[in-house]
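Just so you know, ligand 1 is whichever comes first in the structure, and atom 1 is the first atom listed for that ligand.
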Amino acid sequence: MLTLLDIVKRTTDFFAKHGIESARLNAELVIAHALGMNRMKIYLQFERPLTEKELESIRPLVKRRAQREPLAYVLGTAPFGDLTLRVDRRVLVPRPETEQLVEIVKDAFAATPPVRILDLGTGSGALALGLARAFPAARVVAVDASADALALAQDNAAACGLAGQVEFRASDWFAAIRADERFDLIISNPPYLTEAEWAEAQPEVRDHEPKPALVAADAGCADLLKIIAAAPRHLAPGGSLFLETGIDQHPRLLEAIADAGLIEGRSIQDWSERPRFVAAMLPR
Ligand code: GLN
């Protein structure tokens, strides 16, 4: 008879053999999810033998994770700030850097909350929903070029109770934004990896996440530069642009920001002290 602890140990070894970091934690989370319990609860049942039915529910999830499918896809959800978002292969798994971007924007707008917000390339809806939660009086327009991503983002908005605050549109960057629409805040986490960075990424990223959401042409700058060039037409006077970026791109992006007529262009570091975000403002 195999106990829960036996299965946790075997799965840990299996994951480690497949190069998965924090193999024990991954094993506990996947097994707890398959059994419909939280991770702490499995500690109380380690000596319990598992039924064949329980083993059957665990196996396919263990197999998926061993194939280096991201943990969040296997569990079906990812935390983002105080929200829980559904995620699957239609969208990127939200990253800690993007959670940090919400915190940076909360601080920047602490005195005067933004009323109109535009999130470009919303994916799972993470930035749009995090900001809708942070600024309850704001109306958010969230766009994505992927209809699949938008469908998931819409589900997430409903599940978070934020559907009333967010309008979703299929749009290639600003394509579906009307000429007269202006925002206090335009935000984006666009694709910014180079092909070379993508080729060296972990299998979770390279083999499972949607490549169009990760990789951009022109040293990873192509989409960032498009957004910077068009942002002045859709920012309200005094409105701000905040972008998540790669860490080697800032000299070029800050130059493009100045060329676009935006002011106060600045580079902001992430928690690992890498230049990860740029911000700028349209003159009043
Ligand atoms: N930060 C992500 C990664 O390194 C890339 C996200 C993006 O391209 N927007 O995998």
Side-chain angles (χ1 to χ4, degrees), residues 19-22 26 65 68-74 78-81 85 87-105 118-131 142-146 148-150 152-153 156 171-174 185-228 230-231 241-250 252-253 256-257 267-280:
I20 294 169
E21 278 175 40
S22 309
N26 271 262
R65 185 69 188 100
R68 303 297 297 269
E69 193 173 328
L71 178 65
Y73 289 176
V74 175
F80 186 76
L85 301 177
V87 290
D88 59 33
R89 56 197 309 110
R90 291 176 283 183
V91 299
L92 298 188
V93 177
R95 310 283 202 268
E97 289 84 353
T98 312
E99 291 183 302
Q100 188 184 356
L101 183 53
V102 173
E103 295 305 313
I104 290 166
V105 168
L118 174 61
D119 176 20
L120 296 166
T122 196
S124 63
L127 281 170
L129 298 173
L131 293 170
V143 310
D144 207 289
S146 156
D148 284 346
L150 274 184
L152 181 58
N156 276 325
S171 180
D172 184 8
W173 304 130
F174 292 96
L185 167 61
I186 298 177
I187 197 155
S188 184
N189 172 23
Y192 57 69
L193 297 184
T194 64
E195 279 287 341
E197 287 169 332
W198 178 82
E200 285 171 14
Q202 291 292 314
E204 282 83 352
V205 175
R206 196 191 56 224
D207 299 341
H208 297 277
E209 293 196 304
K211 189 175 178 187
L214 290 165
V215 177
D218 194 3
C221 290
D223 295 293
L224 288 160
L225 292 172
K226 274 188 211 169
I227 291 168
I228 290 167
L241 173 68
F242 281 82
L243 300 170
E244 184 178 323
T245 73
I247 58 175
D248 299 320
Q249 299 168 338
H250 283 197
R252 207 167 152 201
L253 298 179
I257 280 170
S267 175
I268 303 169
Q269 294 191 338
D270 64 19
W271 284 311
S272 334
E273 298 182 349
R274 297 168 300 187
R276 175 66 66 190
F277 314 99
V278 293

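The proximity of Ala213 to ligand 1, defined as any non-hydrogen pair under 4.0 Å, is limited to the backbone.
For the residue pair Arg89 and Pro210, the shortest heavy atom distance occurs at O-CD, 3.7 Å.
Looking at Asp144, its side chain does come within 3.5 Å of a backbone N or O of Thr122 through a donor-acceptor pair. Using modelled atom types, one side-chain atom of Asn26 and one backbone atom of Glu21 make a donor-acceptor pair closer than 3.5 Å.
Arg95 counts as a contact of ligand 1, since one of its heavy atoms falls under 4.0 Å from the ligand.
Using a 4.5 Å heavy-atom cutoff, the side chains of Lys226 and Asp223 are in contact.
Among all non-hydrogen protein atoms, the one lying nearest atom 4 (O) of ligand 1 is Leu193 CD2, 4.0 Å. Protein heavy atom at the shortest distance from atom 1 (N) of ligand 1 is Tyr192 OH, 2.9 Å.
By the 3.5 Å distance cut-off applied to N or O atoms, Leu92 is not counted among the residues near ligand 1. Every N/O-N/O distance between Arg276 and ligand 1 stays at or above 3.5 Å.
Ligand-side atoms of ligand 1 in range of Pro190: 7 (C), 8 (O), 9 (N), range being under 4.0 angstrom from any heavy atom. Atoms of ligand 1 lying under 4.0 Å from any heavy atom of Pro191, numbered from 1 in the order shown and given with element: 8 (O).
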### Message
Show, in sequence, the C-alpha distance, side-chain angles and deciding distance for Gln269 and Arg276, and conclude whether the side-chain hydrogen bond (donor to acceptor under 3.5 Å, both in side chains) test is met.
### Response
CA-CA 5 Å; Gln269 294 191 338; Arg276 175 66 66 190; over 6 Å; no
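A salt bridge (Lys or Arg N to Asp or Glu O under 4.0 Å) with Arg95 holds for exactly one of Glu244, Glu209, Glu204; it is Glu209.
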